[in-house]
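Here it is, the structure, as structure tokens.
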Number of protein chains: 2
Amino acid sequence: MSVQERKQRERAERERLIVATARELAEEQGWDAVTTRRLAERIEYSQPVLYSHFRGKREIIGAVALQGATEMAVAVRAATAAADGPRARVYALARAYLDFAARNPAVYDALFQLDGGLAYAQEDTPEPLKDAFAALLESLGEVAGDGVDPGLFTEVFWASLHGVATLTRSGRLPPEYTEQRLELLVDRLAVV
Amino acid sequence: MSVQERKQRERAERERLIVATARELAEEQGWDAVTTRRLAERIEYSQPVLYSHFRGKREIIGAVALQGATEMAVAVRAATAAADGPRARVYALARAYLDFAARNPAVYDALFQLDGGLAYAQEDTPEPLKDAFAALLESLGEVAGDGVDPGLFTEVFWASLHGVATLTRSGRLPPEYTEQRLELLVDRLAVV
DNA sequence: CTCGATTGTCTAGCGGTGCTAGGATCGAAT
DNA sequence: ATTCGATCCTAGCACCGCTAGACAATCGAG
């Protein structure tokens with residue numbers, strides 16, 4: 001049994017290597033540069049090895065996305081935990097979100113822009129994704145306002161942040177006034 | 001001279017054909033299906049002909065985007081012109097925007113998701129893009145609220161709509177409650 | 001009307017992509 | 001020591017965006 005266990009361990013280790021390398025490559029040069037050939041060369045295996053771990057490139061993107069979701073949930077919770085009062089928590093959340101998107105553009109793309117073959121907003125949605133949304137909901141639910149469903153409010157707030165994040169990064173919004181946009185968004189959307 | 005004029009006319013006509021065909025193909029099967037080979041075959045010319053009109057695929061996407069910007073501006077102005085009062089205009093604008101995005105997903109992608117090689121939010125931004133933003137600003141400027149720059153407000157409102165549009169279409173937001181999200185967005189962001 | 005030059009278009013091909021079939025190699029169990 | 005199965009790689013498929021160079025059609029000058 002021990003031999004098989006060792007092999008399984010090594011296999012799992014290699015899978016982590018693939019995901020980590022894909023992520024590195026994507027952050028360095030963008031997802032377009034993450035080709036199966038380059039990725040295979042970096043992990044020092046041949047292309048077909050990738051396909052013994054993942055069905056294809058899409059699944060690799062999905063794996064990076066799940067990793068990113070977990071990290072984003074951590075970042076959001078850390079930021080909100082350090083803030084006093086509902087309003088301050090929402091500010092902290094918004095900053096943490098946009099900061100995460102700006103610092104990890106490739107991961108953000110994998111999560112919310114590219115097709116990683118993941119189910120969103122359904123029963124079979126992977127746990128990390130559900131949890132990332134839950135992390136948003138924990139602080140945003142406090143400021144949804146009377147008669148407004150906290151889930152719906154969270155969706156709207158999230159979508160707004162997503163719009164700012166993506167339009168800014170693609171150069172469609174000038175980056176100078178991001179802070180003012182954030183403040184306007186929080187001031188108007190959050191009910192004290 | 002007349003001969004040259006006829007040739008120029010025919011050339012311009014063929015260019016329109018390329019853009020229209022690219023758009024059709026993209027709406028039918030998505031931008032991934034718009035390959036230079038397929039596009040060339042549909043217009044019944046060889047691939048290199050495309051490159052005598054456009055520098056490459058990116059420029060074709062850009063041409064579709066400009067067309068889309070013009071149409072979106074028309075749609076938004078038509079919707080807001082038919083509404084009474086600032087608040088009603090903003091509702092109409094938001095609905096028209098999301099409706100345009102849903103009905104013309106490929107054009108919307110060309111405009112706000114893909115790289116069409118266009119400059120946004122700069123001096124050398126193409127006129128149709130400036131005008132589409134202006135169309136938003138005309139109605140949104142009315143409800144920016146005191147002390148808030150209308151341009152900044154328009155950017156934020158636009159980004160929020162963009163977030164809802166893209167997350168909904170990629171299946172990250174369930175489409176059922178789009179109307180409620182829209183109402184929440186308008187109610188909170190717009191100052192009576 | 002002919003002939004060279006120019007313009008326009010096409011065929012063929014380059015280096016790249018995601019992905020896979022089939023053979024070689026290696027290690028474990030008999 | 002030998003079989004046998006798992007593991008991995010080489011080679012190749014069909015497709016991608018893009019381009020060089022051959023070819024044909026048209027034009028202007030003599």
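So you know, we letter chains A, B, ... as the sequences are listed, proteins then strands, and number each from 1.
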**Message:** In this structure, how many angstroms lie between the C1' atom of C/dA28 and the CD atom of A/E10, rounded?
**Reply:**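 Roughly 14 Å, once rounded to whole Å.
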**Request:** Apply salt bridge (charged side-chain N to carboxylate O under 4.0 Å, His left out) to A/R38 and A/E28, showing your working.
**Result:** CA-CA 13 Å; A/R38 256 194 285 264; A/E28 283 173 20; over 6 Å; no
**Prompt:** On a plain distance test, is the side chain of B/Q47 in donor-acceptor contact with the base of C/dC10 below 3.5 Å?
**Reply:**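 No, the side chain and the base share no sub-3.5 Å donor-acceptor pair.
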**Asked** Quick one: B/E44 CD to C/dT9 P, roughly how many Å, whole number?
**Response**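 Interatomic distance, CD of B/E44 to P of C/dT9: 14 Å.
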**Prompt:** Quick one: is C/dC19 close enough that its OP1 or OP2 comes under 4.0 Å of any side-chain N or O from A/T36?
**Reply:**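 Answer no for this pair, as no side-chain N or O of A/T36 is under 4.0 Å from OP1 or OP2.
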**Asked** Roughly, in whole Å, what's the span from CD in A/E59 to C1' in C/dG18?
**Response**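 One finds 14 Å between C1' of C/dG18 and CD of A/E59, rounded.
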**Asked** What about A/R37: does its side chain form a donor-acceptor pair under 3.5 Å with the base of C/dG18?
**Response**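 Such a pair is found, so the answer is yes.
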**Asked** Would you call the rings of B/F112 and B/Y97 parallel, tilted or perpendicular if under 30° counts as parallel and over 60° as perpendicular?
**Response**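 Parallel.
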**Asked** Taking CD1 from A/I18 and P from C/dC19, how many angstroms apart are they, rounded to a whole number?
**Response**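 Rounded to whole Å, this separation is 13 Å.
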**Request:** Give B/R14 one of three labels, base, sugar-phosphate or nothing, depending on what nucleic acid heavy atoms sit under 4.0 Å from its own.
**Result:**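 Sugar-phosphate: the residue B/R14, judged by heavy atoms under 4.0 Å, touches backbone atoms but no base.
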**Request:** Starting from P on D/dC18, measure out to CD1 on B/I61 and report it in whole angstrom.
**Result:**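 B/I61 atom CD1 is separated from D/dC18 atom P by 9 Å.
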**Item:** Nucleotide nearest A/P48 when distance is taken to its side chain, options C/dC19, C/dT11, D/dC9
**Value:**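 Shortest atom-to-atom distance from the side chain points to D/dC9.
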**Atom-pair distance (OH on A/Y51; C1' on D/dT10), nearest Å** =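 One finds 16 Å between C1' of D/dT10 and OH of A/Y51, rounded.
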**Request:** Give the rounded distance in Å between these two atoms: CD of A/Q8 and P of D/dT7.
**Result:**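 Checked: the CD to P distance equals 10 Å.
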**Asked** Which part of the nucleic acid does A/S46 contact within heavy-atom distance under 4.0 Å: base, sugar-phosphate only, or nothing?
**Response**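 Touches a base.
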**Request:** Return the orientation label for the B/F157 and B/F153 ring planes: parallel under 30°, perpendicular over 60°, tilted otherwise.
**Result:**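 Answer is tilted, since the angle falls between 30° and 60°.
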**Prompt:** Toward the 5' end of DNA chain D, which comes first, A/S52 or B/K57, by nearest nucleotide?
**Reply:**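 Of the two residues, A/S52 wins.
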**Item:** Salt bridge flag under 4.0 Å for residues A/R89 and A/E138
**Value:**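 A/E138 and A/R89: not salt-bridged.
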**Item:** Interatomic distance where CG belongs to B/L50 and P belongs to C/dT9 [whole Å]
**Value:**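 In whole Å, C/dT9 P and B/L50 CG are 12 Å from each other.
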**Asked** Among C/dC10, D/dC8, D/dC16, which nucleotide sits nearest the side chain of B/R38?
**Response**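 The closest nucleotide is D/dC16.
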**Asked** Of the nucleotides D/dC9, C/dG18, D/dC16, which has the atom closest to the A/V49 side chain?
**Response**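 Nearest to the side-chain atoms of A/V49, counting from C-beta on, is D/dC9.
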**Asked** Parallel, tilted or perpendicular: which describes the rings of A/Y108 and A/H162, with under 30° parallel and over 60° perpendicular?
**Response**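 Parallel: the ring planes of A/Y108 and A/H162 meet at under 30°.
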